[in-house]
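Letters A, B, ... are given to chains in the order of the sequence lines, protein chains preceding strands, and every chain is numbered from 1.
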Amino acid sequence: MKSEPEAFGIDDLAAAPGATAMWDGVRNYQARNLIRDHMRPGDRALLYHSNTRPPGVVGIVEVVSEPYPDPTAFDPDEAHYDPKSDPQAPRWFCVDVRLRERLPRQVTLAALRACPALEGSPLLRRNNRLSIVPLTGAQWGAVLALAEGR
DNA sequence: GCCAACGTTGGC
DNA sequence: GCCAACGTTGGC
């Protein structure tokens, strides 16, 4: 799960009550489908900081809610307001996530690119604009191995 | 339904 | 700050 730390990063999540926050604002259909159709309580995800120097994976979060309609889509005062999302037929979904741990050290995009086990991951596709990408178990393990310096 | 214009993302 | 990629919009 990708976010810009300037907007909402691992420090913001850590500072939230219960280290838990609503992962809102996803406005991409592919990412929406991943949330709505695949995320369930207990699932874990890597937290990735984008648009920062250096970009990379910084922590592990846990999904702690079922997917539910993103309330920020209904609120004209919200930056991600979408008048086309009808509360009766919500277009956008979110989940609540809780910070489980900060990685002992950030796994930079450069390190991810240099890791053979991650070759072909959608995360590393050039100009990846998906804010949520799926990982295989092997890829998950490879990222954690990098974080632990193995 | 096509496609050009436009806006956004995000690495560098 | 630049720029490539790509999703979205809207005129036709």
When Arg53(A) and Arg129(A) are each assigned the nearest nucleotide of DNA chain C, the 5'-most assignment goes to Arg53(A)
Say whether Thr72(A) and Arg27(A), considering side chains only, have a donor N or O and an acceptor N or O under 3.5 Å apart. yes
Thr136(A) side-chain N/O to Gln139(A) backbone N/O, donor-acceptor pair under 3.5 Å: yes
Comparing Arg27(A) with Asn51(A), nearest DNA chain C nucleotide closer to 5' gives the residue Asn51(A)
Within 6.0 Å of CD in Glu6(A), more than 12 heavy atoms from elsewhere: no
Start and end of the DNA chain B segment that chain A contacts, any atom under 4.0 Å from a heavy atom: dG7(B) to dC12(B)
Using a strict 4.0 Å threshold on nitrogen-to-oxygen distance, state whether Arg36(A) and Asp70(A) make a salt bridge. no
Give a yes-or-no answer on whether the side chains of Asp82(A) and Trp92(A) include a donor-acceptor pair shorter than 3.5 Å. yes
Residue closer to the 5' end of DNA chain B, His80(A) versus Arg113(A) (nearest nucleotide): His80(A)
